[in-house]
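Here the structure comes first, spelled out in structure tokens, and everything after it is commentary.
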Amino acid sequence: VEDFALSTLPSASVLRYLTDKGNGTSTRALVIGNPDLGIDLNLPWAEREARMVGQREREATVLVRGEATEVKVKKLLDTAGLIHFATHGDLSESDPLSSALLLVGGEGEDGRLEVREVFGLDLHARLVVLSACETGLGKLSRGDEVVGLQRAFLYAGTPAVVTTLWKVDDKATFELVRAFYTRLDSANPAEALRQAQLETMRTFPHPFAWAAFGLTGVPR
């Protein structure tokens, strides 16, 4: 990362469907942070992260705490040009379709935005950032690739997804995301992520704090 901007590509069979995605999308941003999941799952830095992203992005809808319901999120996902989740992720390697981003339940929803549900969405976002734990993991399927949140968002219509490979630190993630969005105005997502990681490692030198994040898809 000190020498190159790194990104990964999905399988060649998927890549050709991504090149035209995200063109002419809405400037609206949908930002979700620290859903009210109880005191044990409180993420105060994730809430600060969501509010910070919402202030930087024009026409942003920010849903935090009790507002971050699965019902509201699903209603807004298909109209957003940029989507940012700062919440808990729940990984199931044995049943990857049940891996989920955790939201507030109610109104007939269980508060789990699962992989199987994301596969059925019709997204038009140019970029999705999954700032949660282990969002880049899943189950390797024979002859294909990893089945999980990352692949589901690509399949649903976004050309690029930022995900994580392990349980990330709340405060270090806030600093990395702040640096990422600062640079996103003048650089493509892959380069912006690289610059954000370089800045974060000055304060948090250990790779655990910054190396979990990666971009998959078309880094334009």
Side-chain angles (χ1 to χ4, degrees), residues 7-33 35 49-50 52-64 67-87 89 97 99-104 107 109 112-132 135-136 138 145-164 177 180-181 183-193 213-220:
S7 61
T8 58
L9 294 174
S11 66
S13 63
V14 177
L15 182 59
R16 65 191 181 100
Y17 295 107
L18 299 180
T19 54
D20 294 327
K21 299 291 187 182
N23 291 327
T25 57
S26 168
T27 58
R28 296 179 181 276
L30 175 62
V31 187
I32 301 99
E49 175 185 324
M52 177 271 297
V53 174
Q55 290 173 352
R56 290 181 177 274
E57 295 297 313
R58 292 178 298 174
E59 301 182 74
T61 298
V62 179
L63 302 176
V64 298
E67 291 291 307
T69 67
E70 185 176 358
V71 169
K72 288 183 178 179
V73 170
K74 283 182 174 179
K75 286 181 179 178
L76 295 171
L77 279 174
D78 63 351
T79 60
L82 184 146
I83 302 168
H84 185 100
F85 284 91
T87 181
L97 292 179
S99 293
L101 296 166
L102 302 187
L103 302 167
V104 177
E107 299 182 61
E109 298 287 359
R112 295 174 57 85
L113 182 59
E114 296 186 342
V115 168
R116 58 171 55 89
E117 295 176 287
V118 177
F119 270 118
L121 298 175
D122 181 21
L123 301 182
H124 305 279
R126 65 186 181 278
L127 176 67
V128 172
V129 179
L130 303 181
S131 180
T135 53
E145 56 188 272
V146 174
V147 178
L149 285 164
Q150 180 185 91
R151 182 184 177 194
F153 276 97
L154 290 170
Y155 184 90
T158 181
V161 184
V162 174
T163 56
T164 62
V177 168
F180 173 69
Y181 278 94
R183 288 160 176 76
L184 199 55
D185 290 336
S186 58
N188 68 49
E191 179 60 30
L193 181 59
F213 286 83
L215 183 137
T216 297
V218 182
R220 61 169 178 268

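The residues of the chain are indexed from 1 along the displayed sequence.
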Thr164 side chain to Thr135 backbone, donor-acceptor under 3.5 Å: yes

Atom NZ of Lys74 with >12 non-hydrogen neighbours under 6.0 angstrom: yes

Pair His84-Glu49, side-chain donor/acceptor within less than 3.5 Å: yes

Pairwise distance CZ(Phe153) to OG1(Thr216) - rounded to 0.5 angstrom: 13.0 Å

Any Thr8 side-chain heavy atom under 4.5 Å of Leu215 side chain: no

Heavy-atom donor-acceptor pair, Ser99 side chain to Gly148 backbone, under 3.5 Å: no

Minimum-distance pair of heavy atoms, taken over all atoms of Leu9 and Gly217: CD2-O, 3.4 Å

Minimum heavy-atom distance between Ala132 and Gly89, given as atom pair plus value: CB-N, 3.7 Å

Intermediate values then yes/no, side chain to side chain contact (heavy atoms under 4.5 Å, CB included), Leu30 and Leu82: CA-CA 6 Å; Leu30 175 62; Leu82 184 146; over 6 Å; no

Salt bridge present between Glu117 and Arg112 (N-O < 4.0 angstrom): no

Ile83 side, atom CD1; Thr61 side, atom OG1 - distance, nearest 0.5 Å: 11.5 Å

Heavy-atom pair with the smallest gap, counting every atom of Pro35 and Ala86: CD-O, 4.3 Å

Closest contact, heavy atoms only, Ala29 versus Glu57: CB-CB, 3.8 Å

Residue that, paired with Leu127, satisfies side-chain contact (heavy atoms from CB on, under 4.5 Å) out of Val161, Val162, Asn188: Val162

Heavy-atom side-chain proximity of Val31 to Phe85 below 4.5 angstrom: no

Close side-chain approach of Val71 and Val104, heavy atoms under 4.5 Å: no

Minimum heavy-atom distance between Leu154 and Ala160, given as atom pair plus value: CD2-N, 4.2 Å

Nearest-0.5 Å distance, CD of residue Glu70 to CG of residue Leu101: 10.0 Å

CD on Glu59 to OG1 on Thr27, rounded to 0.5 Å: 3.5 Å

Side chain to side chain contact (heavy atoms under 4.5 Å, CB included) evaluation trace for Val128 with Thr163: CA-CA 9 Å; Val128 172; Thr163 56; over 6 Å; no

Lys/Arg-Asp/Glu bridge criterion (N-O < 4.0 Å) met for Glu67, Lys72: yes

Gap between atom OH of Tyr155 and atom CG of Leu121 - 0.5 Å precision: 11.5 Å

Leu103 and Thr69, any side-chain heavy atoms less than 4.5 Å apart: no

Test log, rule side chain to side chain contact (heavy atoms under 4.5 Å, CB included), inputs Leu130 and Gln150: CA-CA 9 Å; Leu130 303 181; Gln150 180 185 91; 5.8 Å; no

Residue pair Ala125 / Pro159: nearest heavy atoms and the distance that separates them: O-CD, 3.2 Å

Rounded distance (nearest 0.5 Å) linking atom CG of Leu77 with atom OG1 of Thr79: 8.0 Å

Val129 side chain near Phe213 side chain, heavy-atom distance below 4.5 Å: no

